[in-house]
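One structure below.
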Amino acid sequence: MSFQSSRGAATSSDDPGRTEAFEAMVRAYAGLVRSAVASVGGRRVTEMAEDVEQRVFLQLWRQIENEQDIRHPASYLCTAAVRETVRLLKRELAIEDRHAEVSVQPAAPTADPHTALEASELHRSIADAIDTLSPRRRRAIRAHLAGYGVREIMGLYGWSYNKARNLIARGKADLRQTLIDRGIHGES
Amino acid sequence: MANRDPLLLIPGSHWQTAGGDHPSEESWTLLARGGLSEENRLTIVDHIVGCPECTRTYRALVSLEEGARELHPEMPAGDLVRAPNALGRPGTRALFGGISFAVAAAALVLLVDIPRASDPPSDADVTRSAAAERLTLQAPLESAVETPTFRWRPLDGAIGYRFELLDATAEPLWNGEVESADEHPWPAGVPMRAGRYYWRVTALLGKGGELTSELASFEIVSGP
């Protein structure tokens, strides 16, 4: 199925049935964008669901209006939906950052600067230790420590389940030994 | 002072040290829809993994693509998620068509015992299939322990496991995917105090399926 926008040779009035079907597809993708953004914890998006969906629908439609001939509507819409998801998230994250800046409290006067310095040095030591791992184990460990599940790590790097698991396990073992060799222990 | 695992020093489960620039809108589109070289893809993925903001965008796009695939299964796959090819090396995603799907289907047949239609199930088959429907927790079960290690029987066909620890009021204390197929230590970052706890495991199956065990309880008899 192909579609020609109102700027193309065929107008919507020539084939209202196909235009309707295409509009339904656009609405479906607008819903997917809204769900995708809400799924990563965009609270504002979740709370303003209908409004967001309508805005995304209009944005997608605007993109379509600029095209002459869309030969593969599904693929085109998916690409447009990717762009809208990225834009929407960037906007939402910017708003969250602004709210966070407003609500940040100054550090308590009794905060221990030595503790903060130790934490910073520890962070650097751990980062340095991670850098000593072999490339695949480093990737597996970084993703693991960042909170990615094994399935996600499989998908990120194209590894089988066992390979991902083994790289994480061996990476952790290497990291543990490197930290111990550098005198960094988890003291109780 | 006794030496403990230095990995326990790593804060929480979200350690991210971002490097490089955020992907541009065009890069995200190429990643999601295909068109990046392997080298460029890896560079972008390495950044995504180290960046909380880009991690969020990545997960949203994976969710979007999964939804789009339900609407249009015939659409060519992008490059957000890589599946291993038959030789176990990274390959482009083709989970819903092509050779990779055939290989995955063949592998699933090898893993799963599919009874022939002409053979009526024996009692042993019924027992095995009933047992296969359960994810069996092994320890600790209704016991008093000092330092538990959680063990369960691996499930055929599982591609991962999620472990949950709850307190005496069934409030979640820890929930996450684990790398071992049959055991998990006390979760880092959760204080081990005396009292009753609950736990369960979810086996992650292919194509989004899951199987969750019963909830088991145990008691910590002494803690710090």
Side-chain angles (χ1 to χ4, degrees), chain A residues 25 28-29 31-33 35-37 39-42 72 74-75 77-79 81-83 85-90 93 119 122-123 126-127 130 139 142-152 154-161 163-165 168-169 172 175-176 179-180 184-188, chain B residues 1-17 25 28-29 32-33 42 45-46 48-50 52-53 55-57 59-65 67-68 71-72 74-76 78 80-85 88-91 93 159-160 162 176-181 204 224:
Chain A
M25 209 190 301
Y29 273 92
L32 285 182
V33 169
S35 299
V37 172
S39 74
V40 295
H72 303 287
S75 190
L77 273 176
C78 196
T79 304
V82 166
R83 280 198 215 104
T85 301
V86 171
R87 286 175 192 164
L88 189 57
L89 271 172
K90 206 168 164 178
L93 283 165
L122 179 62
H123 187 284
I126 292 170
I130 290 172
R139 286 196 159 110
R142 287 185 69 232
H144 172 71
L145 294 177
Y148 284 84
V150 176
R151 276 196 308 177
E152 284 185 305
M154 287 164 64
L156 281 167
Y157 297 115
W159 295 333
S160 66
Y161 172 69
K163 183 165 183 171
R165 258 187 56 207
I168 292 168
K172 282 175 75 172
L175 181 59
R176 184 181 289 116
L179 290 173
I180 290 171
I184 298 169
H185 299 274
E187 294 175 359
S188 58
Chain B
M1 278 186 279
N3 286 338
R4 293 178 68 191
D5 186 350
L7 296 190
L8 294 176
L9 293 171
I10 298 177
S13 64
H14 299 285
W15 163 281
Q16 288 181 294
T17 52
E25 192 178 289
W28 277 117
T29 307
R33 305 300 300 137
L42 268 180
V45 165
D46 283 346
I48 289 170
V49 164
E53 183 181 320
T55 291
R56 208 163 145 188
T57 303
R59 285 178 171 151
L61 292 179
V62 169
S63 169
L64 174 74
E65 189 176 353
L71 286 178
H72 303 284
E74 75 289 355
M75 194 162 47
L80 279 173
V81 173
R82 280 293 180 92
N85 64 20
R89 298 195 201 102
R93 181 184 186 197
I159 61 169
R162 192 167 59 239
E177 283 194 45
V178 298
E179 67 262 22
S180 172
L204 308 175

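Chain identifiers are assigned alphabetically (A, B, ...) following the order of the sequence lines, protein sequences preceding nucleic acid strands; residue numbering begins at 1 within each chain.
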*Do B/His72 and A/Ser75 touch side chain to side chain, with heavy atoms closer than 4.5 Å?*
no
*Would you kindly say whether A/Arg165 and B/Ser180 are connected by a side-chain donor-acceptor distance under 3.5 Å?*
no
_Heavy-atom cut-off 4.5 Å, strictly under: side chain, backbone, both or neither for B/Ala68 against chain A?_
both
_So which atom in A/Val82 and which in B/Thr29 form the shortest heavy-atom distance, rounded to 0.1 Å?_
CG1-CA, 3.9 Å
*Sub-4.5 Å side-chain heavy-atom contact between A/Glu152 and B/Arg59*: yes
*Is there a side-chain contact between B/Leu64 and A/Val37 (heavy atoms, below 4.5 Å)?*
no
_Using 0.5 Å steps for rounding, measure from the CD atom of B/Glu65 to the SG atom of A/Cys78._
6.5 Å
*asked:* Looking at every non-hydrogen atom in both residues, tell me the closest pair between B/Glu179 and A/Val150 and how far apart they are.
replied: CA-CG2, 4.1 Å
*Close side-chain approach of B/Trp28 to A/Leu89, heavy-atom, < 4.5 Å*: no
_Once rounded to the nearest 0.5 Å, what's the spacing between atom CG of B/Asp46 and atom OH of A/Tyr157?_
4.5 Å
_B/Leu204: side chain to side chain contact (heavy atoms under 4.5 Å, CB included) partners, not counting sequence neighbours_ = A/Arg151, B/Ile159, B/Arg162, B/Glu177, B/Thr202, B/Glu210
*Side chain, backbone, both or neither: which part of A/Leu156 has a non-hydrogen atom closer than 4.5 Å to chain B?*
both
*Pick whichever of A/Arg83, A/Met154, A/Lys90 has the most heavy-atom pairs under 4.5 Å with chain B.*
A/Arg83
*Proximity breakdown for B/Val62 and chain A, heavy-atom pairs closer than 4.5 Å*: neither
*Where is the tightest heavy-atom contact between B/Ala60 and A/Val40, given as atom of each residue plus distance?*
N-CG1, 3.5 Å
*Within-4.5 Å side-chain heavy-atom neighbours: A/Arg139 and B/Val49*: no
*Partners passing side chain to side chain contact (heavy atoms under 4.5 Å, CB included) against B/Leu71 (at least two apart in sequence or in another chain)*: A/Ala28, A/Tyr29, A/Leu32
